[in-house]
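In what follows, chains carry the letters A, B, and so on, assigned in the order in which the sequence lines appear, proteins first and then strands, with residues in each chain numbered from 1. This structure is a prediction, so every number in the text was calculated from the model and none was measured.
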2 protein chains.
Amino acid sequence: MARNTQVAADTAAPPITSILARFVAGHASRGWTDAVEHEAHRTFYNWLGCAIGAARHEAADAAIAAVQMLAPAPQASVLGRAEKVDMASAALVNGITSHTFDFDDTHLKTIIHPAGPVASAVLALAEHRGASGRDVIDALVLGIDVACRIGNTMYPDHYDRGWHITGSTGMLGAAAGCARLLRLDEQQAAMALGIAASQPVGLREQFGTMTKPFHPGGAARAGLMSALLASQGFTASPRALEAPRGFVQVASDKRAWNEVTDELGERFEISFNTYKPFACGIVIHPSIDACVQLRDRGVTADQVERIELRVHSLVLELTGKKEPKDGLQGKFSVYHGCAVGLIHGRAGEEEFSDAVVNDPAVVALRNKVRATVDDSVDEASVQVAAVLHDGRRVEVQVEHAIGSLENPLSDAQLEAKFADLVVPVLGGTRSRDITAQWRGLAAMADVRALTALCRP
Amino acid sequence: MARNTQVAADTAAPPITSILARFVAGHASRGWTDAVEHEAHRTFYNWLGCAIGAARHEAADAAIAAVQMLAPAPQASVLGRAEKVDMASAALVNGITSHTFDFDDTHLKTIIHPAGPVASAVLALAEHRGASGRDVIDALVLGIDVACRIGNTMYPDHYDRGWHITGSTGMLGAAAGCARLLRLDEQQAAMALGIAASQPVGLREQFGTMTKPFHPGGAARAGLMSALLASQGFTASPRALEAPRGFVQVASDKRAWNEVTDELGERFEISFNTYKPFACGIVIHPSIDACVQLRDRGVTADQVERIELRVHSLVLELTGKKEPKDGLQGKFSVYHGCAVGLIHGRAGEEEFSDAVVNDPAVVALRNKVRATVDDSVDEASVQVAAVLHDGRRVEVQVEHAIGSLENPLSDAQLEAKFADLVVPVLGGTRSRDITAQWRGLAAMADVRALTALCRP
């Protein structure tokens with residue numbers, strides 16, 4: 001695996017730290033289209049469901065136990081749990097849980113999961129301060145814009161080197177969002193970004209361990225603290241992002257500075273955010289989608305002789321596990337994904353439980369799935385055919401899977417996903433209460449009206 | 001400024017995360033020579049003086065004000081101040097103050113300042129738990145060994161890329177030290193190192209701002225939290241340091257794995273730690289030392305016609321400021337350093353105050369200093385001649401300045417440095433009380449007997 005040649009230092013980089021600070025401090029409240037405003041609400045709501053859904057995961061238990069060793073003050077909610085902790089620790093834990101199921105939002109241009117670091121920091125700070133929903137949405141849009149624009153500047157080189165880009169740009173998004181919420185001026189916002197620049201969190205080597213979801217949590221915490229430090233006069237380099245020994249040049253050979261400046265304040269990166277319908281890697285989504293469509297067309301498991309997939313080679317490279325033994329392995333098996341898609345018509349966290357992965361009916365159908373590599377098929381597409389015992393052949397072609405930018409989840413589908421995640425943790429009433437409110441977040445006078453609903 | 005070519009991934013790296021975890025968890029208490037044991041005490045004592053000395057600096061004020069926004073529990077002392085905060089925040093703040101004056105210890109092979117991240121984390125945890133001095137010294141020696149060995153593995157490439165190596169290896173040293181203090185087993189210690197590996201803190205672009213000393217503080221905090229998380233079952237990759245997408249390969253092209261394994265448990269990197277006598281960059285130290293020697297030989301400012309220096313070009317490149325206007329600029333002026341060396345016989349934090357930098361007598365002597373570049377003179381050396389009004393010429397040649405590994409500060413000189421730093425903050429009695437105890441730290445049943453002396 002050879003890497004790129006490291007390029008020479010760029011001493012003439014534009015002052016992106018200052019540019020972003022001015023943007024974060026000065027852009028008008030709700031200074032964007034209705035579509036952006038709506039996408040911000042969808043991003044927040046999807047993130048909230050993911051965080052609540054994983055609240056009882058063992059990663060959450062371990063993180064909270066460690067945080068409790070600091071005897072934290074009860075400033076902000078751990079979403080989905082009874083505990084309150086200090087706002088920085090709440091940012092950490094909620095950032096962890098929001099990414100634990102790998103079911104959170106994805107900015108596909110960079111594969112950043114932006115809400116994890118940004119929303120986790122912003123909501124914890126907002127809850128402690130009793131901020132308005134308007135301020136939260138403003139901070140979320142601006143914070144995500146900062147993280148994703150820095151991501152665009154460095155992607156793919158930065159990711160290829162081994163950085164888990166969600167946590168290694170997320171600290172900047174969290175700092176930006178919190179700077180906005182604290183109403184820091186341009187100078188202080190630059191300091192917040194500068195302090196955060198020294199604290200990237202995340203290595204791809206951690207994938208498959210609890211430290212993967214730690215990355216957005218750690219980034220949320222680092223960004224929030226950076227903004228608090230800046231608010232108290234702590235200083236950093238005003239060129240911390242762009243200088244030759246600043247973050248971008250240290251961590252990436254690709255430095256497309258124009259990604260920061262192009263259409264800044266006009267195009268918002270949150271517009272390109274997507275939400276997963278299935279609780280597994282994005283590369284299996286077309287195959288699951290296709291099998292759900294087979295089910296919708298009346299195909300049942302007992303009719304099936306075999307299922308034939310034509311997929312890009314990457315699909316089998318990443319998710320070619322033929323005989324998964326537990327839920328986690330199931331997430332790396334396109335065969336399992338197809339089986340639950342056809343049998344259950346869905347692939348939420350429940351369908352990646354140990355029980356479902358070892359269910360004889362699922363195992364039997366999984367063994368009937370044959371995958372053929374065909375690199376003329378796009379990575380985001382699939383061709384599926386069900387060959388039935390009666391000789392019929394039912395074909396489905398998926399160009400863009402449900403949940404992609406071209407074929408996004410509807411609000412109703414987002415609500416169904418939210419309920420799947422939240423009902424087992426908080427019960428149906430609470431799940432419905434929150435769902436009744438998500439569209440109105442920006443009009444909420446105090447976000448504590450919402451966070452109060454997020455604890456049992 | 002061209003950089004190195006980034007090299008291919010090394011898929012056959014030795015399991016250094018596991019090797020270091022076994023070492024940290026399993027090495028015998030006081031499993032080293034008397035010389036190492038004594039150096040550990042010197043390292044700790046020097047660090048303590050630096051942290052107390054900067055306790056009232058505006059960087060400390062800003063950091064504490066931000067930490068107070070979390071309403072922290074009073075678990076551990078902010079050295080030199082009345083406040084107690086949670087142990088993670090104490091690690092952060094004490095790490096900041098210990099590096100604020102740039103007067104702390106230096107592992108010259110890597111220019112890591114190792115006590116900042118390691119001692120700050122270890123003492124905060126130890127104070128909260130009422131640990132013994134023996135446990136603190138063990139944790140300090142092992143933690144510094146981990147940070148500096150990882151530093152040796154990556155230096156100089158990692159530093160050349162722009163990482164401030166103190167904070168980008170320090171989180172590993174802090175995690176190792178805290179893992180030891182918590183008596184984590186080998187598996188948990190590996191997780192602690194793994195969690196810490198995702199959290200390097202530090203960019204060289206921050207030099208000259210408060211975020212420079214933030215780096216050891218942030219690293220101390222990150223390492224301490226990593227050990228707490230591991231103690232609660234949080235997981236990370238057991239190859240987080242050495243894997244192709246692990247920390248070392250992501251952050252450096254130099255990967256001298258043998259630096260981790262060679263003589264592990266026999267040679268201790270703390271043996272190579274040094275302590276600055278002068279409160280400025282190491283490159284001016286030989287010139288100041290020489291002028292102090294001129295003073296010791298009876299030369300006084302009013303006798304001086306001129307002072308001639310022969311120095312390596314690097315000295316003027318980094319510290320060639322002819323007319324410094326304030327204390328901070330004074331630290332970048334070899335001319336000022338020579339003047340205070342001859343007039344005051346020292347160059348502590350006081351001699352880099354605005355008042356001394358603008359003192360007419362100092363200014364007058366500074367203007368009589370002439371520097372000539374001569375690259376046949378080593379960077380660590382200087383040739384100085386004082387030409388007097390009566391025509392005499394007094395020459396001093398410094399091969400290795402006081403404070404270097406070859407010419408270390410004596411214990412008495414360390415004690416004088418400590419008093420210079422601590423008396424203005426805690427007063428003479430407290431300074432003497434602590435000094436009466438530092439050699440006996442390892443025999444202390446509970447380190448709170450010491451930390452109680454470190455607050456006013």
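Within the 4.5 angstrom heavy-atom criterion, no atom of B:Pro72 approaches chain A. If you measure heavy-atom distances from B:Met191 to chain A, you find no contacts under 4.5 Å at all. For a residue to count as touching a neighbouring chain, one of its non-hydrogen atoms must lie under 4.5 Å from one of that chain's; by this rule B:Leu224 does not touch chain A. Only the side chain of B:His215 comes within less than 4.5 Å of a heavy atom of chain A; its backbone N, CA, C and O stay farther away. Using a 4.5 Å cut-off between heavy atoms, B:Arg221 contacts chain A through its side chain alone, with no backbone atom that close. Interface remark: A:His164 contributes no atoms to any contact with chain B (heavy atom separation under 4.5 Å). The contact between B:Gln75 and chain A is made entirely by side chain atoms (from C-beta outward), counting heavy-atom distances below 4.5 Å. For B:Ser231, the part sitting under 4.5 Å from any heavy atom of chain A is the side chain, from C-beta outward, and nothing else. Using a 4.5 Å cut-off between heavy atoms, A:Ile96 touches chain B through its side chain atoms alone. Interface residue B:Ala197: backbone and side-chain heavy atoms are both found under 4.5 Å from chain A.
Heavy-atom proximity under 4.5 angstrom to chain B picks out A:Asp86, A:Met87, A:Ala88 from residues 83-92 of chain A.
You'll find the side chain of A:Trp163 stays beyond 4.5 Å of the side chain of A:Thr169, heavy atoms only. The closest side-chain heavy-atom distance from B:Met154 to B:Phe247 is below 4.5 Å. Between B:Thr211 and A:Leu229, the closest side-chain pair of non-hydrogen atoms is not below 4.5 Å. Using a 4.5 Å cut-off on side-chain heavy atoms (C-beta onward), B:Met171 and B:Pro117 make no contact.
Of the listed residues (B:Ala236, B:Ala243, B:Ala251), the greatest number of heavy-atom pairs within a distance under 4.5 Å of chain A belongs to B:Ala236. With respect to chain B, the highest number of heavy-atom pairs below 4.5 Å among A:Ala63, A:Gly233, A:Gly218 belongs to A:Ala63. Between chain A and the options B:Thr235, B:Leu228, B:Ile64, B:Val67, heavy-atom pairs under 4.5 Å are most frequent for B:Thr235. Contacts with chain A were tallied for B:Ser198, B:Ala62, B:Ser237; B:Ser198 has the most, counting heavy-atom pairs under 4.5 Å.
Using a distance-only test at 3.5 Å, with no hydrogens or angles considered, no donor-acceptor pair links the side chain of A:Asp157 to the main chain of A:Arg255. Here the side chain of A:Gln199 pairs a donor or acceptor atom with the backbone of A:Ile195 at under 3.5 angstrom. Under a 3.5 Å cut-off, the side chain of A:Ser252 and the backbone N or O of A:Val248 do not form any donor-acceptor pair. Under the 3.5 Å distance criterion, the side-chain polar atoms of B:Lys212 are left unmatched by any main-chain donor or acceptor of B:Gln206. Between the A:Thr17 side chain and the A:Leu241 main chain, a donor and an acceptor come within less than 3.5 Å of each other.
Side-chain N/O atoms of B:His99 and B:Thr166 include no donor and acceptor closer than 3.5 Å.
Electrostatic pairing of B:Lys331 and B:Asp102 does not count as a salt bridge here, judged by no charged N lying under 4.0 Å from a carboxylate O.
Taken from OG in A:Ser18 to CG in A:Leu193, the straight-line distance is 9.5 Å, to the nearest 0.5 Å.
Other residues, nucleotides and ligands contribute more than 12 heavy atoms inside 6.0 Å of the CD atom of A:Gln329.
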